[in-house]
Amino acid sequence: MTGLKASVGSPYARILSVGSAVPSRVLDNEQMVQHIDSSDEWIRQRTGITERRWIAEDENLETLSLAAARQAIERAGLTASDIDAVLLSTVSHFRQTPALAPQLATSLGIVDAVAYDISAACAGFCYGLAQAEALVRAGQARHVLVIGAETLSRMTDVTDRATAFLFADGAGAVVVGPSETNGIGPVVWGSDGAQADAIWQTESWEGAVESGTWPALGMNGRAVFKWATGFIAGAASRCLEESGVSPDELDVFIPHQANNRITDTLLRYLKLPEKVVVARTITGYGNNSAASIPIAMESLLSSGEARSGQTALLIGFGAGLVYAGQVVTLP
Ligand SMILES: CC(C)(COP(=O)(O)OP(=O)(O)OC[C@H]1O[C@@H](n2cnc3c(N)ncnc32)[C@H](O)[C@@H]1OP(=O)(O)O)[C@@H](O)C(=O)NCCC(=O)NCCS
C-alpha cells in the first residue's frame, strides 16, 4: 500500500438554487392578542411583525420541507438522482430518533443519501450551508440539499406574552454544488452554552412525561436582543472581513428574521450603504427560525428585489446560543 487515498473535491462550491414553502394559514396580530395582554401596535413597533404563517390541518414539517426541497431541486436543473446528501436543520421534529432527513430523502426519490438533522435553532440554515460547502469541497458529496424547516406554532404557548406573537412556521431549501468560482465565503460560527437559558424548551421530554405538559418555547427577550445587537453585530462584520468583501461591495443583507429592530441595529453597526437590499420577511411571516434565511432569499429573488449573481451577507443566531454566517453569491 502506498498510503490511503483521499477524497478529491471541487475547488469551490456555490448555491445553485433556492426554494421555499410557507403554510396557507395566515394569523394577524389581532388574532394573536386574543390570549395575551398586548396589541397590534405594540407587536408592529417592537418587532415589525404584522402577520405570520402557521400550519393548517393538512400541513406539517414534512409537507413544507418536501415542497421547498422539490422547488430547489427543480430550479437547480437537477433530479433526485443528482443529490447525494440531505441536511435538515430544524428544532421542531418531535421525534428523538430517527432523524427526519432520511425520510425526506426517500420521499424525494433520493436513494442511499447521506442524511441527517442539524439542531442549531435559528442558526441552523447557516450551519447546514457551512457543512454543505465543506462536503462538496472535500469531495464527500457532489450536490447537497440543505433544508431549514420549522413548525414552531406547535411549540408556542399562545398565553405567553413573551413569545406568543413571535414564532411561526415555514421551510426553505437550497442545493449546494461544485463551482469553478467561489460562491460561499468562509463561515464565521460558534456557540455560548452559558446562555442556554436565553431561549429554551420549557420542559425536557422526560419532564413533559412526568408533568403531562406539552413543552413550549421560552425566551428571555431582552438577553437575546442584547446579544444579537452586540456580539452578533461583530460576528456579521467578521463575515465580511473574512470573505474580503467591504460594506460597499455588498448587494444584499439577509439576517435571521428575529426582529426588525435587531436588523436595524445590525445595519447601523455594519454601516451598510443605502443601496443594500435588506430582507424584512419577518413582517409577513414571523420568526420561523431555521427557515427564515432561505425563505427570505427566495422571496427577494422571486420579487426581483435581488438578482442572481449578487453578493449577500447571511447571519443566523438563536437558541444555544449559537450563530453562523457567511457571504454568498446568490443563485
Ligand atoms: C421579545 C421582544 C420583542 C420584547 O421587546 P422588548 O422591547 O425587549 O420588551 P421588554 O421585555 O423590554 O418590555 C418592554 C415593555 O413592553 C411590555 N411588554 C412585554 N411584552 C409585551 C407584549 N407582548 N405586549 C405588550 N407589551 C409587552 C413590558 O411589560 C414592558 O412594559 P414597561 O416598560 O411598562 O415595563 C424583544 O426583546 C426581542 O425581540 N428580543 C429578541 C427576541 C428574538 O429575537 N428571539 C428569537 C431569536 S432567534
Side-chain angles (χ1 to χ4, degrees), residues 27-52 89-92 118-127 148-153 155-170 172 189-193 195-202 216-233 235-236 254-267 269 279-283 285-296 314-325:
L27 288 97
D28 65 17
N29 289 339
E30 292 300 344
Q31 285 165 282
M32 301 316 295
V33 300
Q34 281 169 12
H35 307 283
I36 50 172
D37 175 15
S38 188
S39 66
D40 171 46
E41 193 194 358
W42 188 92
I43 297 170
R44 281 176 200 254
Q45 277 180 1
R46 306 308 284 179
T47 68
I49 300 172
T50 59
E51 57 188 34
R52 74 282 293 138
S89 294
T90 189
V91 293
S92 31
I118 297 171
S119 177
C122 307
F125 176 76
C126 291
Y127 263 67
E150 303 288 1
T151 49
L152 296 182
S153 62
M155 298 182 78
T156 297
D157 175 356
V158 293
T159 66
D160 178 9
R161 198 171 179 236
T163 59
F165 54 87
L166 194 63
F167 295 116
D169 307 340
W189 53 352
S191 68
D192 180 8
Q195 296 196 70
D197 57 2
I199 310 171
W200 70 98
Q201 179 175 317
T202 50
L217 288 169
M219 181 178 72
N220 178 345
R222 279 187 204 184
V224 179
F225 197 94
K226 200 169 152 221
W227 173 73
T229 52
F231 181 82
I232 293 303
I254 312 180
H256 165 51
Q257 300 294 291
N259 183 325
N260 266 342
R261 284 161 51 227
I262 293 177
T263 300
D264 292 338
T265 309
L266 295 177
L267 278 172
Y269 180 91
R280 301 273 184 189
T281 36
I282 189 168
T283 303
Y285 294 148
N287 175 347
N288 41 36
S289 192
S292 89
I293 290 177
I295 286 177
L314 319 179
I315 182 95
F317 48 89
L321 294 172
V322 292
Y323 69 96

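When a ligand or atom number is given, it counts from 1 through the structure's own listing order.
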Partner of R52 by side chain to side chain donor-acceptor pair (under 3.5 Å), out of N29, N287, D28: N29
Mark yes or no for whether [X], through its side chain, and [Y], through its backbone, hold a donor-acceptor pair below 3.5 Å.
{"X": "R261", "Y": "R46", "result": "yes"}
{"X": "S89", "Y": "G148", "result": "no"}
{"X": "S292", "Y": "N288", "result": "no"}
{"X": "T50", "Y": "T283", "result": "yes"}
{"X": "Q45", "Y": "I43", "result": "no"}

Taking 4.0 Å as the limit for heavy-atom contacts, which would you say applies to [X] with ligand 1: side chain only, backbone only, both, or neither?
{"X": "T163", "value": "neither"}
{"X": "F165", "value": "side chain"}
{"X": "N287", "value": "side chain"}

Gap separating the [atom1] atom of [X] from the [atom2] atom of [Y], nearest 0.5 angstrom:
{"X": "C122", "Y": "F167", "atom1": "SG", "atom2": "CZ", "answer": "6.5 Å"}
{"X": "L314", "Y": "I254", "atom1": "CG", "atom2": "CD1", "answer": "5.5 Å"}
{"X": "L267", "Y": "N260", "atom1": "CG", "atom2": "CG", "answer": "9.5 Å"}
{"X": "M155", "Y": "D169", "atom1": "CE", "atom2": "CG", "answer": "11.5 Å"}
{"X": "W227", "Y": "L321", "atom1": "CH2", "atom2": "CG", "answer": "4.5 Å"}
{"X": "I199", "Y": "N220", "atom1": "CD1", "atom2": "CG", "answer": "9.5 Å"}

Number the atoms of ligand 1 from 1 as they appear, then name those within less than 4.0 Å of a heavy atom of [X], with their elements.
{"X": "H256", "value": "48 (S)"}
{"X": "R261", "value": "7 (O)"}
{"X": "R46", "value": "6 (P), 7 (O)"}
{"X": "F317", "value": "48 (S)"}
{"X": "F225", "value": "38 (C), 40 (N), 41 (C)"}
{"X": "T47", "value": "3 (C)"}
{"X": "D37", "value": "24 (N), 25 (C)"}

Could you check [atom] against the protein and tell me its nearest heavy-atom contact, residue, atom and distance included?
{"atom": "atom 39 (O) of ligand 1", "result": "N259 ND2, 2.5 Å"}
{"atom": "atom 44 (O) of ligand 1", "result": "A258 CB, 3.2 Å"}
{"atom": "atom 48 (S) of ligand 1", "result": "C122 SG, 3.0 Å"}
{"atom": "atom 12 (O) of ligand 1", "result": "R222 NE, 2.6 Å"}
{"atom": "atom 42 (C) of ligand 1", "result": "M219 SD, 3.6 Å"}
{"atom": "atom 24 (N) of ligand 1", "result": "S38 OG, 2.6 Å"}
{"atom": "atom 4 (C) of ligand 1", "result": "W42 CH2, 3.8 Å"}

Criterion side-chain contact (heavy atoms from CB on, under 4.5 Å) on L166 and M219, from CA distance to verdict: CA-CA 10 Å; L166 194 63; M219 181 178 72; 3.5 Å; yes
V224, I232, I262: member with heavy atom nearest to atom 47 (C) of ligand 1: V224
Residue selection (non-hydrogen contact nearest atom 40 (N) of ligand 1) among A290, A228, G221: G221
Measure from [atom] to the protein's non-hydrogen atoms and state whether any distance is below 4.0 Å.
{"atom": "atom 10 (P) of ligand 1", "value": "yes"}
{"atom": "atom 30 (C) of ligand 1", "value": "no"}
{"atom": "atom 33 (O) of ligand 1", "value": "no"}
{"atom": "atom 2 (C) of ligand 1", "value": "no"}

Distance-only N or O hit between ligand 1 and R161, under 3.5 Å: yes
Y323/F231 aromatic ring centres below 6.0 Å: yes
L166 heavy atom under 4.0 Å from ligand 1: yes
Positive for side chain to side chain contact (heavy atoms under 4.5 Å, CB included) with T159, one of T163, T156, D157: D157
